[in-house]
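Both backbone and side-chain heavy atoms feed into the values below; hydrogens, waters and symmetry mates do not. None of the values given here were measured: they were computed from a predicted structure. A note on names: the letters A, B, ... follow the listed sequences, proteins ahead of strands, and every chain is numbered from 1.
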Amino acid sequence: MNDDLETLRHSTAHVMAAAVLDLFPGTVIGIGPATDEGFYYDFAFKDRLLPEALPRIEAKMREIIKQAPPFVKEEIPRADAVALFERLHQPLKVELIADKVTDATARLYRTGDFVDLCLGPHVANAGQLGAFRLLSIAGAYWKGSEKNQQLTRIYGTAFKTEAELESHLKMLEDAAKRDHRKLGKDLDLFLVDEMVGRGLPLLTPKGAAVRRQMEEFILRLEQRQGYQHVKTPDIARLEIYKTSGHFERYRESMYPPSEMEDEEWQLRPMNCPHHIRVFARKAYSFRDLPVRLAELGTVYRYEKSGEVSGLIRVRAFTINDAHIFCRPDQLNAEFERVIQLILQVYRAFGIKDFYFRLSLRDETSNKWMGDPAVWQRAQDAAREALRASGHPFVEAPGEAAFYGPKLDVQIKDAIGREFTLSTNQIDFLMPERFGLEYVTSEQSIMRPVMIHRAPIGSMERFMAYLIETYVGAFPVWLAPVQLTFIPIADRHLEAVGQLANRFRLRDLRVEVDGRSERMQAKIRDAQLQKVPYMAVVGDKELEGGTLNIRRREGGDQESVRSDEFLARLEREAQLPLE
RNA sequence: GCCGCCUUAGCUCAGCGGUAGAGCAAUGGUUUCGUAAACCAUCGGUCCGGGGUUCGAAUCCCCGAGGCGGCUCCA
């Protein structure tokens, strides 16, 4: 966002607050900044605000804009500012002065009768505003903490011109059509059933077909890269999570333990403890390292009810997990390999719109476990490997895991929300807590370092992202149905069935649309289901041993010998293993 | 979890105090068709669940569940 637009939006937020105070006297105002997409302002209303009020607020804003009052900057002594906002019955502003204003003076901006504590800048006068729209009402905690009171936030957006505003609103509308929850229903990929439970999505045959391809791809890629796959259960004794530290630092996300035969059992929230115990089964020489143990491991985390969403945020999910146990001198090289693997996976899926985030600890939170000096080593190692990879990244203090720094890959979903798609950590803590060891060339005992890595992250979230990036039109290797046969008349059905079986025997996913419908209707349905290829078969094709191939993308149909097309489809269906 | 909104047939939606409707899908029949929707008929509903107000509730009120947006949290 450029500065002009930010100024414009922030000024529009002021006008909105002015309109709200005019329409609803006695409302307490919070803060009202510009955002990447628009602006918002937080209020404590005396009565609850109904969405029907938004047009009224908009109308009042237009009135104000018409009068074009100037934005007037004012510097007054801090104590006078406190007195002013006390007189105006604006306690949150008084609190803000106490928190934020360290100078002897406080800066105010006045627009007509409205006055706000604000650093600016603003447009010269409200007449310069106009292309705006109020969008939604939401709850938001004061100062972003759930311990504080909840305010009512009004979101809006503003642009320099009506045309830009209109195109933005159109973009929002189009984005909603890409939403994986809508496509998941339209293309029959998954469902969330009330009886099974929220946050516990069920994959349909088509969704499961996509999932199997993802699994096949990543398992084969890992196998080629020197990973060894293990298979471990989804529960464990609670004891192991006391050793790992999860019970202490991660408990609120864990399902409660269940007790059987005087023992407590825990549905696992992470896979690392199981993998650590596989690693610890024998003694290691320095020559044996690194050991890379991988698994598509399902974990269970209790997400608050308001947080679950489609496939992107669920309560049971499968991590494309691996734990690399290596010597300290191997750490950087191993971490660089992880970065290369991530890039390779993203290339294979055709994902381009992402950025790397180095998530570090901060000093304000107390959720971190372990020695700060050890943390420093881990953070330095991650930063160094990232620099060596030459890939740009941003640093995010406070975003680390409780046991170590993370390299996260961040993406945005269809409606613009940012999520972590892949996550990777460097961990000195778990090897310590589990007492892992190896023997050095000097016969001494050393502790290995662990890398937790998951290029795909969660299979569920990744699939959600794939659905949205492809807008449901999966590439051939991932498509749940790769080819739909369309017999023109009933007399072609039997021959087409035999043809389809030949494709199935070559592991191709094909369907025959044998309904008593016209060819046009079958084409339309296959097209809407985003099947990559349609094979129309009538008298002409059966005589010539050909298929009339129509592509999902449109363009001319082509007549191809059926065995030739089978070979071609087989090639296109190959996993993108490079 | 919190704030707000929403929930009517398998799907998309109309009805918003007078006792439930459309299109698509499904089923039966007719049609056997050459590149994005053939025609006719039929079936289909505890109007999310529970309580209340009312002569009468899908419609109004309360409680609960689920969904959506946001906040918090997060793969």
field: Distance, P atom - from B:rA41 to B:rG1, rounded to whole angstrom
entry: 50 Å

- prompt: Does the distance from a Lys or Arg side-chain N to an Asp or Glu carboxylate O, for A:E146 and A:K304, drop under 4.0 Å?
  reply: yes

message: Of the options B:rG69, B:rC2, B:rA75, whose atoms approach the side-chain atoms of A:Q150 most closely?
response: B:rC2

NZ/NE/NH1/NH2 to OD/OE distance under 4.0 Å, A:E215 and A:R211: yes

field: Minimum-distance pair of heavy atoms, taken over all atoms of A:K206 and A:D188
entry: CB-O, 3.5 Å

task: Take atom CZ of A:R181 and atom C1' of B:rC68, then tell me their distance rounded to the nearest Å.
output: 7 Å

message: Any side-chain N or O of A:R301 below 4.0 angstrom from OP1/OP2 of B:rC74?
response: no

message: Regarding A:R292 and A:E222, does a basic nitrogen lie under 4.0 Å from an acidic carboxylate oxygen?
response: no

query: What distance, rounded to whole Å, do you find between the two C1' atoms, one in B:rU59 and one in B:rU19?
result: 11 Å

Spacing between A:E303 atom CD and B:rG67 atom P, to the nearest angstrom: 14 Å

- prompt: Is there a donor on the side chain of A:R153 or the base of B:rC71 sitting less than 3.5 Å from an acceptor on the other?
  reply: no

task: Between B:rC43 and B:rG10, how far apart are the C1' atoms? Round to whole Å, please.
output: 13 Å

query: How does protein contact run along nucleotides 30-43 of chain B, one letter per nucleotide 5' to 3', with B for base contact, S for sugar-phosphate only, - for none, heavy atoms under 4.0 Å?
result: -BBBBBBBB-----

- prompt: Taking the same atom, P, in B:rC13 and in B:rU7, what whole-Å distance lies between them?
  reply: 11 Å

- line: To the nearest angstrom, the CZ-P distance between A:F419 and B:rC73 comes to 14 Å

Atom-pair distance (CD on A:E307; C1' on B:rG69), nearest Å: 14 Å

field: Rounded P spacing from B:rU72 to B:rA14 in Å
entry: 33 Å

task: For B:rA22 versus B:rG64, give the span between their P atoms, rounded off to a whole number of Å.
output: 36 Å

message: Contact between A:S244 and A:R249 at the side-chain level, heavy atoms closer than 4.5 Å - yes or no?
response: no

- request: Give A:L421 one of three labels, base, sugar-phosphate or nothing, depending on what nucleic acid heavy atoms sit under 4.0 Å from its own.
  value: sugar-phosphate

- prompt: So does A:K182 get a side-chain nitrogen or oxygen closer than 4.0 Å to the phosphate oxygens (OP1/OP2) of B:rC68?
  reply: no

query: Among B:rC73, B:rG69, B:rG66, which is the nearest nucleotide to the side chain of A:R198?
result: B:rG66

- prompt: A:S359 and A:D408: side-chain donor and acceptor closer than 3.5 Å?
  reply: yes

task: Give a yes/no verdict on a cation-pi contact between A:R9 and A:F39, requiring under 6.0 Å between NZ or CZ and the six-membered ring centre and an angle within 45° of the axis.
output: no

- request: Specify the separation, in whole Å, of atom NE2 of A:H180 and atom P of B:rG67.
  value: 13 Å

message: Tell me whether the ring of A:Y155 lies stacked over the B:rG70 base, given a 5.5 Å limit on centroids and a 30° limit on the plane angle.
response: no

task: With P as the reference atom in both, quote the distance from B:rA9 to B:rC48 in angstrom, rounded to an integer.
output: 8 Å

- prompt: Relative to the 5' end of RNA chain B, which residue comes earlier, A:E52 or A:D179, by the nucleotide with the nearest heavy atom?
  reply: A:E52

Below 4.0 Å: OP1/OP2 of B:rA75 and any side-chain N or O of A:T420: no

- prompt: A:R417 side chain N/O closer than 4.0 Å to the phosphate oxygens (OP1, OP2) of B:rG70?
  reply: yes

task: For the pair A:S562 and A:E541, evaluate side-chain contact (heavy atoms from CB on, under 4.5 Å) and give the outcome as yes or no after the intermediate values.
output: CA-CA 9 Å; A:S562 54; A:E541 286 71 27; over 6 Å; no

query: For A:R461 and A:T420, does a side-chain donor sit closer than 3.5 Å to a side-chain acceptor?
result: no

task: Indicate whether the side chain of A:R357 and that of A:Y355 have a donor and an acceptor atom separated by less than 3.5 Å.
output: no

query: Can you find an N or O donor on one side and an acceptor on the other, under 3.5 Å apart, linking the side chain of A:Y141 with the base of B:rG1?
result: yes

- prompt: With sugar-phosphate meaning primed atoms plus P, OP1 and OP2, does A:L49 contact a base, only sugar-phosphate, or nothing at under 4.0 Å between heavy atoms?
  reply: nothing

task: Name the closest nucleotide to the A:R461 side chain, picking from B:rU72, B:rG4, B:rA75.
output: B:rA75

task: Classify the nucleic acid contact of A:K147 as base, sugar-phosphate or nothing, counting any heavy atom under 4.0 Å across all strands shown.
output: nothing

- line: Pairing string of RNA chain B (Watson-Crick or G-U wobble, both atom distances under 3.5 Å; | = paired to other strand) is (((((((..((((....[..)))).(((((.......))))).....(((((..]....))))))))))))....

task: Using heavy atoms to find the nearest nucleotide of RNA chain B for A:P51 and A:Q425 separately, return the residue whose nucleotide is more 5′.
output: A:P51

- request: May I have the distance from A:D413 (atom CG) to B:rA75 (atom C1'), rounded to whole angstrom?
  value: 14 Å

- prompt: Roughly how many Å is it from CD in A:E418 to P in B:rC71, rounded to a whole number?
  reply: 12 Å

task: Taking atom P in both B:rG28 and B:rG18, compute the distance separating them and give it to the nearest angstrom.
output: 39 Å

message: For a quick check of understanding: with a heavy-atom distance under 4.0 Å over all strands, which category does A:T423 fall into, base, sugar-phosphate or nothing?
response: sugar-phosphate

- prompt: NA contact type, A:V299, heavy-atom cut-off 4.0 Å: base, sugar-phosphate, or nothing?
  reply: nothing

task: Figure out the CZ/C1' separation between A:F43 and B:rC71, and round it to whole Å.
output: 16 Å

- prompt: What orientation do A:Y241 and A:H274 show, parallel under 30°, tilted 30 to 60°, or perpendicular over 60°?
  reply: tilted

query: Taking the six-membered ring for Trp, are the ring centroids of A:Y465 and A:F419 within less than 6.0 Å of each other?
result: no

